[in-house]
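Here the structure is laid out as structure tokens; the discussion comes afterwards.
Numbers here are sequence positions counted from 1.
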Amino acid sequence: MKYILSLVVSLTLAGAVNSATLDDVMARGNLECGISTGLVGFASPDANGEWEGFDVDYCRALAAALFGDSKAVNFTPVTTKQRFTALASGEFDILSRNTTWTFSRDTDLKQTFLGINYYDGQGFMVHADSGVSSATELDGASICIQTGTTTELNLADYFRVNGISYEPVPIETNAEAKEQFFAQACDAYTTDRSGLAATRASAPNPDDYVVLPEVISKEPLGPLVRHGDDQWADIGRWVLNALIVAEEKGITSANVREMASAPTNDPEINRLLGTEGEYASMVGLPNDWAVHAIEQVGNYSEIFERYIGVNTPVGLSRGVNALWTDGGLLYAPPFR
């Protein structure tokens, strides 16, 4: 209750800002989050039916920042075809579902992307016994592809540029893709390479499938909200940034409470954790919002390694998703 009262006070200080979505979320008492219908490592139910994964934990971090409780969130599985309409119609407050940031989605569909939480690219997976070792060898192949995605256009462009043909096998969900591909109803499956890794990891015999080396597109993935509510977008954006900066600064779920107990010698850590300045009130959150998010969910690295890192069945290395200080692209604006 103390945490909620603190948030109400902060909202009053930020009263000049349009806060329609935040007001609705707080009045409801929980966050509504749209996620994938099922993608191992990113969003899938555990043995108890509880949703877990890389995209799921972003919403849990947002709920922790808002309510001081990472469990104050409901999840709505939504297909690629349904996701934008469902977000626009208000079925949920935020979409955290391996979605590519593009010009038309940002403008024509009037969605606001909050940042990039995973740098990806489209690829192909084939049956190991096919003998195919390159996408250029897929001339005439039948290819499973999810409808309502950027992969449809990328696929057409790639085959056109290389002067080869293909037979599309349209599917709507990753579950359907797995069923069709594993049953050899299509010769190849194309989607983001992270999705291919997740699909392969869920196979009874992962070694029966090979992800080809070609990366044919840029797929910057991230959470998004509806246009028109800047405060809500700011909150979602800076929760994501907080997880990234926390990794950069060595702030973890295990040490964040101690680091927040008193100001440190690093002003940016102090601003992030609310021990210095009035930054939280600028977005209408309590001073310790980032402490709750990091303590209950972890920093970016903790989330990554928990669900999709090299020691998980998905087995993804950080690669370009490493911090900029480690030669990667992951970079958050400063807390200043």
Side-chain angles (χ1 to χ4, degrees), residues 1-14 19-35 42-77 90-97 114 117 223 225 229 231-247 251-261 272-275 279-304 306-307:
M1 180 62 69
K2 181 179 179 181
Y3 185 87
I4 300 299
L5 290 175
S6 177
L7 180 53
V8 171
V9 172
S10 297
L11 284 173
T12 302
L13 295 175
S19 58
T21 305
L22 181 59
D23 289 345
D24 291 344
V25 170
M26 299 310 299
R28 188 193 311 128
N30 67 272
L31 175 69
E32 295 288 344
C33 177
I35 55 171
F42 288 86
S44 61
D46 64 14
N48 297 316
E50 295 290 329
W51 286 95
E52 64 177 9
F54 182 79
D55 291 330
V56 169
D57 264 16
Y58 165 74
C59 282
R60 293 200 185 280
L62 179 55
L66 292 167
F67 298 102
D69 182 3
S70 63
K71 296 181 180 180
V73 54
N74 291 328
F75 296 101
T76 300
E91 290 187 31
F92 35 78
D93 309 306
I94 190 165
L95 178 64
S96 181
R97 187 202 181 285
L114 307 181
N117 67 355
V225 297
D229 192 335
Q231 184 183 18
W232 183 241
D234 286 344
I235 290 172
R237 179 176 300 113
W238 284 98
V239 167
L240 174 58
N241 289 336
L243 302 178
I244 296 171
V245 173
E247 179 187 357
I251 307 170
T252 69
S253 57
N255 67 22
V256 64
R257 183 62 62 177
E258 179 181 357
M259 295 182 75
S261 63
L272 173 62
L273 301 185
T275 58
Y279 293 86
S281 64
M282 296 178 187
V283 289
L285 292 176
N287 280 341
D288 57 354
W289 64 270
V291 176
H292 285 282
I294 298 164
E295 182 177 46
Q296 296 182 37
V297 181
N299 64 29
Y300 181 94
S301 176
E302 290 178 274
I303 298 170
F304 189 104
R306 182 184 304 140
Y307 295 114

(message) Using the rule side-chain contact (heavy atoms from CB on, under 4.5 Å), only one of D93, I235, L62 pairs with V25; which is it?
(response)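 Looking at D93, I235, L62, the match for V25 under the side-chain contact (heavy atoms from CB on, under 4.5 Å) is D93.
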
(request) Going by the side-chain contact (heavy atoms from CB on, under 4.5 Å) test, name the single residue among V291, I251, L272, I294 that passes it with M259. (result)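 Per the side-chain contact (heavy atoms from CB on, under 4.5 Å) rule, the option paired with M259 is I251, out of V291, I251, L272, I294.
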
Does [X] reach the main-chain N or O of [Y] with its side chain, forming a donor-acceptor pair under 3.5 Å?
| X | Y | result |
| --- | --- | --- |
| N74 | E32 | no |
| D234 | V283 | no |
| N48 | E50 | no |
| Q296 | A61 | no |
| R97 | P77 | no |
| S96 | D55 | yes |

(message) Checking V73 against N30 for the side-chain contact (heavy atoms from CB on, under 4.5 Å) test, could you report, in this order, the C-alpha distance in whole Å, the side-chain angles of both residues, the deciding distance, and whether it holds?
(response) CA-CA 5 Å; V73 54; N30 67 272; 6.0 Å; no

(request) Check side chain to side chain contact (heavy atoms under 4.5 Å, CB included) between T252 and all other residues, then give those that pass, not counting sequence neighbours. (result)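 Per chain and number, T252 pairs via side chain to side chain contact (heavy atoms under 4.5 Å, CB included) with A254, N255, N299, E302.
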
(request) Let me see the working for T76 and I35 under side-chain contact (heavy atoms from CB on, under 4.5 Å), right down to the final yes or no. (result) CA-CA 6 Å; T76 300; I35 55 171; over 6 Å; no

Distance-minimising heavy-atom pair for [X] and [Y]:
| X | Y | result |
| --- | --- | --- |
| F92 | G34 | CG-N, 3.6 Å |
| A65 | P286 | O-CD, 4.4 Å |
| G284 | L22 | O-CD2, 4.4 Å |

(request) Please assess N241 against L114 for the test side-chain contact (heavy atoms from CB on, under 4.5 Å), listing each intermediate value before the final yes or no. (result) CA-CA 9 Å; N241 289 336; L114 307 181; over 6 Å; no

(request) Check whether the ring centres of Y300 and F54 lie less than 6.0 Å apart, and answer yes or no. (result)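 Yes, the ring of Y300 comes within the 6.0 Å limit of the ring of F54, centre to centre.
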
(message) If you apply the rule side-chain contact (heavy atoms from CB on, under 4.5 Å), what do you find for E247 with F304, and how did you get there?
(response) CA-CA 11 Å; E247 179 187 357; F304 189 104; over 6 Å; no

(request) State which residues pass side-chain hydrogen bond (donor to acceptor under 3.5 Å, both in side chains) with Y307; sequence neighbours excluded, sorted by chain then number. (result)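 side-chain hydrogen bond (donor to acceptor under 3.5 Å, both in side chains) list for Y307, sorted by chain: D57.
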
(message) Taking side-chain hydrogen bond (donor to acceptor under 3.5 Å, both in side chains) as the definition, give me every residue that meets it alongside S301, ordered by chain and number, with sequence neighbours left out.
(response)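 Per chain and number, S301 pairs via side-chain hydrogen bond (donor to acceptor under 3.5 Å, both in side chains) with no residue.
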
